[in-house]
Undergrad: 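One structure is given below, represented as structure tokens, and several questions about it will come after.
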Amino acid sequence: MTGLHHIFAIKDLESTYLFIPYIRKVVDTVGKKIELKGNGLSVPDNPTILQIDGDGIGPEITQNALRVIDSAISKAYGKEKSINWMKVYAGDEAQSKFGERFPKETEKLLKEYRFLLKGPLETPVGKGFRSLNVHMRLLLDLYANVRPVRYIEGLDSPLKHPERVDMVIFRENTDDLYTGIEWQYDSSEAKVVRELLKKNLDVSIDKDAGIGIKTIGKFKTERIARMAIKYAIDNKRKSVTIMHKGNIMKYTEGAFREWSYEVATKEFRNHIVTEDELNNEHKGSMPKGKILVNDRIADNMFQQIVTRPESYDIILAPNLNGDYISDAAGALIGDIGVLGGANIGDYGGVFEAVHGTAPKYAGKNIANPMGVITAGSLLLIHIGWDKAANIINSSLIKAMKEKKVTNDIARFMGVKPLGTKEFADHLIDIIKS
């Protein structure tokens with residue numbers, strides 16, 4: 001893993017809210033597939049990248065997002081660069097066509113091409129199939145979910161000072177409860193586990209209790225901590241806060257805290273100061289050029305990002321906490337629908353809208369495609385096409401300033417909304433102008 005990455009942020013000040021912090025060293029070559037070569041990615045001028053429409057509103061927002069992304073690439077590079085989008089099937093569409101939600105052919109292509117832009121996919125609550133999103137992350141070992149959250153002027157935030165929200169969340173993506181190791185309460189497997197625990201460890205579990213196993217590993221913790229701290233240093237951020245519930249789950253989330261501190265103090269000693277060191281050795285005065293590494297218990301973390309968001313910069317969290325805090329942070333700016341997320345590994349990435357499928361709005365031409373468009377911007381930066389990403393970001397900011405937006409935002413602005421297609425059309429007009 002060492003040497004595979006360098007840190008990148010869009011320099012255009014108006015566009016910084018949409019950056020993705022982790023991008024590989026890129027070498028342009030001729031070809032169709034993005035490859036891992038040497039210490040970085042080899043990206044052809046016309047790479048093949050997979051796309052999945054998604055469920056619910058997914059098809060309409062994804063297809064309109066692709067139009068905007070392609071327009072920005074054309075504006076930035078003319079005929080020199082383009083993306084060959086290869087549609088693959090998953091979710092409801094795959095179920096109706098092939099009788100399964102994640103066909104073997106889709107899995108095969110994902111393993112081969114390793115880069116994907118997707119709309120939202122449904123995950124049922126309680127019973128049914130397991131999350132396809134989680135399956136894809138585990139399949140490609142996309143261990144980091146990175147989500148920048150920064151207020152965009154024009155959004156109707158519940159905060160008095162939403163402009164103080166500027167944080168990047170690094171969520172471990174492959175461990176914790178999301179490994180899906182669990183059994184229904186009345187299953188034969190649950191019975192075996194109960195008997196095993198009782199016989200060998202004298203641990204009793206109620207007969208009517210479902211059983212899940214929470215795993216947090218040292219290696220997986222270290223690599224996400226390393227990524228977050230390196231990003232903070234290279235981008236001159238002020239702090240990294242480890243979010244955990246280690247006071248209760250001492251050997252999982254407590255270990256996540258301890259291992260993250262170990263990475264900070266052993267690998268980045270010259271760059272960081274812990275909160276204890278700040279108070280005991282520096283009398284509360286932050287040394288110039290240093291990054292503060294501290295930690296907060298999860299429930300307190302939720303309070304503090306609301307009451308004092310300006311105190312939090314980089315948030316490093318295990319999988320479950322990272323899921324929670326990412327959506328909570330998105331709510332602070334007023335509309336999670338405008339955010340995209342990046343799931344990144346040492347070789348591969350899945351870029352997606354972070355909102356749900358919203359089936360009641362499907363096919364009505366009212367959904368906001370900004371989440372998928374933003375995810376596309378993150379993808380472009382990840383492969384080194386930041387000029388096109390800048391164009392996308394600038395067009396979104398301009399549309400917000402012009403109040404040319406979809407219904408979810410227009411209703412707070414008191415203006416007539418644009419439809420999904422019409423909003424994409426307007427962005428394309430901005431890009432071409």
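Predicted model only: the values in this text are computed from it and were never measured.
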Undergrad: Looking at residues at least two apart in the chain, or sitting in another chain, which of them share a salt bridge (charged side-chain N to carboxylate O under 4.0 Å, His left out) with Lys218?
TA: none
Undergrad: Has Thr179 got a side-chain atom pairing as donor or acceptor with Asp176's backbone, closer than 3.5 angstrom?
TA: yes
Undergrad: Answer yes or no: are there more than 12 heavy-atom neighbours, outside Tyr324 itself, under 6.0 Å from its atom OH?
TA: no
Undergrad: Answer yes or no: is there a donor N or O on one side and an acceptor on the other, between the side chain of Glu172 and the main chain of Thr174, under 3.5 Å?
TA: yes
Undergrad: Enter the distance from Met243:CE to Lys245:NZ here, rounded to the nearest 0.5 Å.
TA: 10.0 Å
Undergrad: Measure up the Phe102 and His135 rings against each other and bin them: parallel (under 30°), tilted (30 to 60°), perpendicular (over 60°).
TA: perpendicular
Undergrad: Strictly by modelled atom types, are Asp408 and Thr406 linked by a side-chain donor-acceptor pair under 3.5 Å?
TA: yes
Undergrad: Charged N to carboxylate O under 4.0 angstrom, Asp141 versus Lys220?
TA: no
Undergrad: Short question: side chain of Ser157, backbone of Leu332 - any donor-acceptor pair under 3.5 Å?
TA: yes
Undergrad: Could you check Thr221, Val293, Ile314 and say which one makes a side chain to side chain contact (heavy atoms under 4.5 Å, CB included) with Ile242?
TA: Val293
Undergrad: Who are the side-chain contact (heavy atoms from CB on, under 4.5 Å) partners of Glu422, not counting sequence neighbours?
TA: Asn365, Leu418
Undergrad: Output yes when Arg226 and Glu267 qualify as a salt bridge under the 4.0 Å nitrogen-oxygen rule, no when they do not.
TA: yes
Undergrad: Quick one: does any side-chain atom of Asp323 pair with a main-chain N or O of Asn319 as donor and acceptor, under 3.5 Å?
TA: no
Undergrad: Below 4.0 angstrom, N of the basic side chain to O of the carboxylate: do Glu93 and Lys87 qualify?
TA: yes
Undergrad: Which value, rounded to the nearest 0.5 Å, describes the distance between Ile83 atom CD1 and Ile69 atom CD1?
TA: 7.0 Å
Undergrad: If you measure only the distance, is there a donor-acceptor pair under 3.5 Å linking the side chains of Asp175 and Thr215?
TA: yes
Undergrad: Might you point out which heavy atoms bring Leu316 and Ala228 nearest each other, and give the distance in Å?
TA: CD1-CB, 4.2 Å
Undergrad: Please name the pair of heavy atoms, one in Glu122 and one in Thr357, separated by the smallest distance, quoted to 0.1 Å.
TA: N-CG2, 3.6 Å
Undergrad: Report the residues that fulfil salt bridge (charged side-chain N to carboxylate O under 4.0 Å, His left out) with Arg308, sequence neighbours left out, ordered by chain and then residue number.
TA: none
Undergrad: Quick test of your reading of the model: are Lys118 and Glu352 salt-bridged, counting only N-O distances below 4.0 Å?
TA: yes
Undergrad: As an exercise, state the distance from CG of Leu278 to OG of Ser285, rounded to the nearest 0.5 Å.
TA: 7.5 Å
Undergrad: Could you grab the distance from atom CZ of Phe219 to atom CD of Glu222, nearest 0.5 Å is fine?
TA: 8.5 Å
Undergrad: Identify whether NZ of Lys or CZ of Arg in Arg114 sits under 6.0 Å from the centre of the six-membered ring of Tyr347 and within 45° of that ring's axis.
TA: yes
Undergrad: Using a strict cut-off of less than 4.0 Å between a Lys/Arg side-chain nitrogen and an Asp/Glu carboxylate oxygen, indicate whether Lys398 and Glu153 qualify as a salt bridge.
TA: no
Undergrad: With side chain to side chain contact (heavy atoms under 4.5 Å, CB included) as the criterion, how do Ile291 and Val273 come out once you've worked through the C-alpha distance, each side chain's angles and the decisive distance to 0.1 Å?
TA: CA-CA 6 Å; Ile291 303 293; Val273 172; over 6 Å; no
Undergrad: Side-chain donor-acceptor contacts of residues 423-433 below 3.5 Å, not counting sequence neighbours, with atom names and distances?
TA:
{"unit_1": "Asp425", "atom_1": "OD1", "unit_2": "Arg67", "atom_2": "NH1", "d": "3.0"}
{"unit_1": "Asp425", "atom_1": "OD1", "unit_2": "Arg67", "atom_2": "NH2", "d": "2.9"}
{"unit_1": "Asp425", "atom_1": "OD2", "unit_2": "Lys421", "atom_2": "NZ", "d": "2.9"}
{"unit_1": "His426", "atom_1": "NE2", "unit_2": "Glu402", "atom_2": "OE1", "d": "2.6"}
{"unit_1": "Ser433", "atom_1": "OG", "unit_2": "Ile430", "atom_2": "O", "d": "2.6"}

Undergrad: Could you state the interatomic distance from CG (Leu110) to CD1 (Ile52), rounded to the nearest 0.5 Å?
TA: 7.0 Å
Undergrad: By side-chain contact (heavy atoms from CB on, under 4.5 Å), which residues pair with Ala328, not counting sequence neighbours?
TA: Phe302, Ile305
Undergrad: Determine whether a donor-acceptor pair (N or O, by modelled atom type, separation under 3.5 Å) exists between the side chain of Asn368 and the backbone of Met370.
TA: yes
Undergrad: The test is side-chain hydrogen bond (donor to acceptor under 3.5 Å, both in side chains); show your working for Asn294 and Thr241 and say whether it passes.
TA: CA-CA 5 Å; Asn294 58 8; Thr241 299; 2.7 Å; yes
Undergrad: With a 4.0 Å cut-off on N to O distance, would you call Glu107 and Lys111 a salt bridge?
TA: yes
Undergrad: Treating Asn343 as the side-chain partner and Gly349 as the backbone partner, does any N or O pair qualify as donor plus acceptor under 3.5 Å?
TA: no
Undergrad: State whether a side-chain donor-acceptor pair under 3.5 Å links His244 with Asn321.
TA: no
Undergrad: How long is the span from the OH atom in Tyr143 to the CE atom in Met227, to the nearest 0.5 Å?
TA: 3.5 Å
Undergrad: Decide side chain to side chain contact (heavy atoms under 4.5 Å, CB included) for Asn64 and Val372; before the verdict, give the C-alpha distance in whole Å, the side-chain angles of both, and the deciding distance to 0.1 Å.
TA: CA-CA 9 Å; Asn64 279 290; Val372 183; over 6 Å; no
Undergrad: May I ask you to decide whether Asp92 forms a salt bridge with Arg101, counting only side-chain N to carboxylate O separations under 4.0 Å?
TA: yes
Undergrad: Using the test ring-ring contact (aromatic ring centres under 6.0 Å, His included), find all partners of Tyr251 that sit at least two apart in sequence or belong to another chain.
TA: none
Undergrad: Tyr312 and Arg296: side-chain donor and acceptor closer than 3.5 Å?
TA: yes
Undergrad: Could you tell me whether Asp313 and Lys238 have a side-chain N and a carboxylate O separated by less than 4.0 Å?
TA: no
Undergrad: Has the side chain of Ser260 got a donor or acceptor atom that lies under 3.5 Å from a matching backbone atom of Ala225?
TA: no
Undergrad: Do Thr48 and Asn84 pair up side chain to side chain, a donor and an acceptor below 3.5 Å, judged on atom types alone?
TA: yes
Undergrad: Could you tell me whether a side-chain N or O of Lys290 sits under 3.5 Å from a main-chain N or O of Ile272, the two making a donor and an acceptor?
TA: no
Undergrad: Hey, does the side chain of Thr62 reach the backbone of Pro59 with a donor-acceptor pair shorter than 3.5 angstrom?
TA: no
Undergrad: Does Ser377 form a side-chain hydrogen bond (donor to acceptor under 3.5 Å, both in side chains) with Asn393? I'd like the steps, not just the answer.
TA: CA-CA 7 Å; Ser377 172; Asn393 300 340; 2.9 Å; yes
Undergrad: Do the ring planes of Phe170 and Tyr231 sit parallel (below 30°), tilted (30 to 60°) or perpendicular (above 60°)?
TA: tilted
Undergrad: For Ile392, does its backbone N or O pair with a side-chain atom of Ser395 as donor and acceptor, under 3.5 Å?
TA: yes
Undergrad: In terms of side-chain heavy atoms, does Asp45 have a donor or acceptor partner in Tyr77 at a distance below 3.5 Å?
TA: no
